[in-house]
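Working notes, beginning with the structure itself.
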Amino acid sequence: GGFSYPVSTAKRRFIDQNGKVYLLKTMSSWAMSQGCSDAEITQALEGLKALKFNAVTVSPFGVHMNDSFGDRYKNKVGQSFFTGKPHASALGPAWSSMDRVMREATRLELTVVFSFFLSWKDTGTVPDLVAGGTTNAYNFGKAVGTRYASYPNIMWHVMGDFKWRYNEGPAPSLDAIF
């Protein structure tokens, strides 16, 4: 791979629809869709807006640094993010929680940094993502992308707290998602 043009970090920036630099003031609320009820999602996002944040970083599922986070693939009311095996089945009813995040953030004019949070080593979704294979990862990415295609306030993001090379671990599946 590689870029077909010279790349440097000197002039990288986010710009808005008018070409002006867009400064991102984001709160990392990784488990909001996983750990909050609909009312708590609204309350949290309204609180961030009141604190002058213009963005929120949220992972739909996968936050599981330890058992205090609960089941990484269920929302607060016990619905599942997948209908079967994680990353190898259709999107489940728990996506209604991420839908709530997206609707409320849009209403409040907040950017959603939509993170595919992989977590530390094997505490997150990496084992399931790798086990699901690249075809399922592609189908998952297509389903999520299609579901949120109408939202203008998404910034796609990957967070993984471990080292891997371009062709190992979760890398092929992440490429398939994107």
Side-chain angles (χ1 to χ4, degrees), residues 25-51 53-133 136-161 170 173-174 176-178:
K25 183 180 179 184
T26 184
M27 172 64 74
S28 294
S29 302
W30 297 111
M32 182 180 286
S33 68
Q34 183 184 6
C36 293
S37 67
D38 282 354
E40 290 167 338
I41 288 168
T42 295
Q43 180 181 14
L45 292 173
E46 287 176 345
L48 291 178
K49 182 73 173 188
L51 292 170
F53 283 88
N54 67 355
V56 61
T57 302
V58 179
S59 178
F61 59 81
V63 179
H64 186 86
M65 299 300 282
N66 58 57
D67 288 340
S68 73
F69 285 90
D71 187 325
R72 69 194 75 184
Y73 296 116
K74 290 190 176 175
N75 65 7
K76 188 167 185 174
V77 297
Q79 296 171 316
S80 296
F81 280 97
F82 294 96
T83 58
K85 286 188 172 190
H87 297 287
S89 62
L91 301 182
W95 284 87
S96 65
S97 295
M98 195 63 208
D99 296 346
R100 176 67 171 229
V101 170
M102 292 307 305
R103 281 193 313 273
E104 290 295 272
T106 303
R107 177 180 67 83
L108 295 164
E109 299 181 340
L110 296 169
T111 296
V112 175
V113 180
F114 194 116
S115 183
F116 295 96
F117 183 79
L118 302 177
S119 199
W120 174 251
K121 294 188 177 181
D122 64 354
T123 64
T125 64
V126 170
D128 295 321
L129 178 64
V130 172
N136 285 320
Y138 172 84
N139 292 335
F140 167 71
K142 184 175 180 180
V144 173
T146 300
R147 187 176 190 115
Y148 299 111
S150 67
Y151 289 93
N153 55 327
I154 293 179
M155 180 177 298
W156 300 103
H157 176 262
V158 171
M159 177 70 184
D161 292 327
S173 293
L174 279 174
I177 287 172
F178 283 91

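Only heavy atoms go into these numbers, but all of them, side chains included; no hydrogens, no water, no symmetry mates.
Looking at residues two or more places apart in sequence or on another chain, you find a side chain to side chain contact (heavy atoms under 4.5 Å, CB included) between Asn153 and Met102, Ala105, Thr106, Val112, Tyr151. Checked against side chain to side chain contact (heavy atoms under 4.5 Å, CB included), Ala88 has the following partners two or more places apart in sequence or in another chain: Lys85, Asn136. The ring pair (Phe, Tyr, Trp, His ring centres under 6.0 Å) test applied to Phe178 returns Phe116, not counting sequence neighbours. With sequence neighbours excluded, the residues forming a side chain to side chain contact (heavy atoms under 4.5 Å, CB included) with Arg72 are Gln34, His64, listed by chain and number. In this structure, Asp71 has no salt bridge (Lys or Arg N to Asp or Glu O under 4.0 Å) partners at least two apart in sequence or on a different chain. Partners of Thr26 under the side chain to side chain contact (heavy atoms under 4.5 Å, CB included) rule, at least two apart in sequence or in another chain, are Ala55, Thr57, Val113.
Few gaps surround CD on Glu46; more than 12 heavy atoms of other groups in view lie less than 6.0 Å from it.
To the nearest 0.5 Å, atom OG of residue Ser59 and atom CE of residue Met32 are 12.0 Å apart.
Between Glu40 and Arg100 no salt bridge is recorded (no basic side-chain N to carboxylate O distance below 4.0 Å). Using a cutoff of 4.0 Å between basic side-chain nitrogens and carboxylate oxygens, Glu104 and Arg107 are scored as salt-bridged.
Each of Trp156, Trp30, Phe61 was evaluated against Phe114; a single residue qualifies, Trp156, per the ring-ring contact (aromatic ring centres under 6.0 Å, His included) test.
Side-chain N or O atoms of Lys49 include one that pairs as donor or acceptor with a backbone N or O of Leu108 at under 3.5 Å.
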